[in-house]
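Following: one structure in structure tokens, then a few remarks.
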2 protein chains.
Amino acid sequence: MATQPPSAETDDDTEVKQRNADVCNVVGAIEEMGAKWKLIVLNDLRDGEKRFNELKRSTGASSYTLSRVLDDLEEQRFIENRKEFESPVASYYTLTEKGGTLCPVFDAIDEWGEDWLE
Amino acid sequence: MATQPPSAETDDDTEVKQRNADVCNVVGAIEEMGAKWKLIVLNDLRDGEKRFNELKRSTGASSYTLSRVLDDLEEQRFIENRKEFESPVASYYTLTEKGGTLCPVFDAIDEWGEDWLE
DNA sequence: CGGCATCCTTGGAGATACTG
DNA sequence: CAGTATCTCCAAGGATGCCG
């Protein structure tokens, strides 16, 4: 995480934190992961490496949907794919470092869910 | 999900949803807020009370969409509505306590966005 | 096993116009 | 100002089938 130089604090009014829809990080981030399937898959991969059908079962996504989501996520560098071309083909997916940085987000969501779900 | 069309179908897919929910309540939370517009509106309301057209401008949602999202969020007790029936009608929306508990989530997203968004 | 191609259904959401 | 009522369009996503 690129931490800002702590001492060189510009006098930019922190109050003008520009929460405008166009500029806001939250909106940007939401657009970036957007789809619910992406979040579900990413969250699933926090457990570690998983293969295609494993994700298919755990997420409940159809192979078509899952395939497209995985493509997207890989293109966004959230996940990485490793293939083994042995007897039955095996395809493993893991979070990249970038993907891993989403953990705090999921943790926050998780915590919230514990308090307010069910 | 908030609007439930009268489906006479038996909910056979409850099994799937349950499996997802079992994995982690992250999925549950995602389903709960699901739509991107909900998140955008909720995030916007962190600034404090806002009125309809204000939200319309800041979020960029159409009045139709915004209206439905607000209805949903109110039904879910994420937000509250206060009306003033004076000269020109005024309608104010604020986060409830429940809505406020989402702040850590948005903070996490915000922080992530700062690091990884362009 | 891990997908891609195809068809098809659904609803999310914009545009527009109207009301209290 | 704060919505509601329609109409419409398009992408998300399920189901199915095929293939290396």
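In what follows, chains are A, B, ... by sequence order, proteins preceding strands, each numbered from 1.
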Among the candidates C/dT16, D/dA15, C/dG20, find the nucleotide nearest to the side-chain atoms of A/Tyr64.
D/dA15
Heavy atoms under 4.0 Å, any strand shown: does B/Phe85 hit a base, just sugar-phosphate, or nothing?
nothing
Does atom CZ (A/Arg46) have a neighbourhood of more than 12 heavy atoms from anything else shown, all under 6.0 Å?
yes
Looking only at side-chain N and O atoms, does A/Trp37 come under 4.0 Å of OP1 or OP2 in D/dA12?
no
Does C/dG3 have its OP1 or OP2 closer than 4.0 Å to a side-chain nitrogen or oxygen of A/Lys83?
yes
Rounded off to whole Å, could you give me the CZ-to-C1' distance for the B/Arg68 and D/dT6 pair?
14 Å
What's the closest nucleotide to the A/Phe52 side chain, out of C/dC1, C/dG2, D/dG3?
C/dG2
A/Ser91 side chain N/O closer than 4.0 Å to the phosphate oxygens (OP1, OP2) of C/dG3?
yes
For atom CG of B/Leu73 and atom C1' of D/dG3, their distance in whole Å:
16 Å
Going by atom types only, do A/Trp37 and A/Thr65 share a side-chain donor-acceptor pair under 3.5 Å?
no
Please report, rounded to the nearest Å, how far the P atom of D/dA12 is from the NZ atom of A/Lys36.
13 Å
Which nucleotide in the set C/dG3, D/dA2, D/dG3 lies at the smallest distance from any side-chain heavy atom of B/Tyr93?
D/dG3
Are OP1 or OP2 of C/dG12 and a side-chain N or O of B/Thr65 less than 4.0 angstrom apart?
no
Which of the following nucleotides, C/dC1, C/dC4, D/dT4, is nearest to the side chain of B/Ser63?
D/dT4
Walking DNA chain D from its 5' end, the first of B/Asp71 and A/Ser62 to be reached, judged by nearest nucleotide, is B/Asp71
Rounded to the nearest angstrom, tell me the gap between atom CD1 in A/Ile40 and atom C1' in D/dG14.
15 Å
With a 4.0 Å cut-off, would you call B/Glu75 and B/Arg77 a salt bridge?
no
What is the distance from CG of A/Leu70 to P of C/dC1, rounded to the nearest Å?
17 Å
Any idea which heavy atoms bring A/Phe52 and A/Leu66 closest together, and the distance?
O-CD2, 3.5 Å
Give the rounded distance in Å between these two atoms: CD of B/Glu49 and P of D/dA2.
11 Å
With the side chain of B/Ser67 defined as its heavy atoms from C-beta on, choose the nearest nucleotide among D/dT4, C/dG3, D/dA12.
D/dT4
Whole-Å distance separating the CD1 atom of B/Ile79 from the P atom of D/dA2:
14 Å
Calculate the interatomic distance between A/Asp72 atom CG and D/dG13 atom P; express it in whole Å.
10 Å
Would B/Glu32 and B/Lys38 count as a salt bridge (Lys or Arg N to Asp or Glu O under 4.0 Å) if you check the C-alpha gap in whole Å, the side-chain angles of each, and the deciding distance to 0.1 Å?
CA-CA 10 Å; B/Glu32 173 99 354; B/Lys38 284 190 187 177; over 6 Å; no
Counting only side-chain N and O atoms of B/Lys56, is one of them less than 4.0 Å from OP1 or OP2 of D/dC1?
no
Check this for me: A/Glu111, atom CD, are more than 12 non-hydrogen atoms of other residues, nucleotides or ligands nearer than 6.0 Å?
no
Distance test, side-chain N/O of A/Arg51 to OP1/OP2 of C/dC1, below 4.0 Å:
no
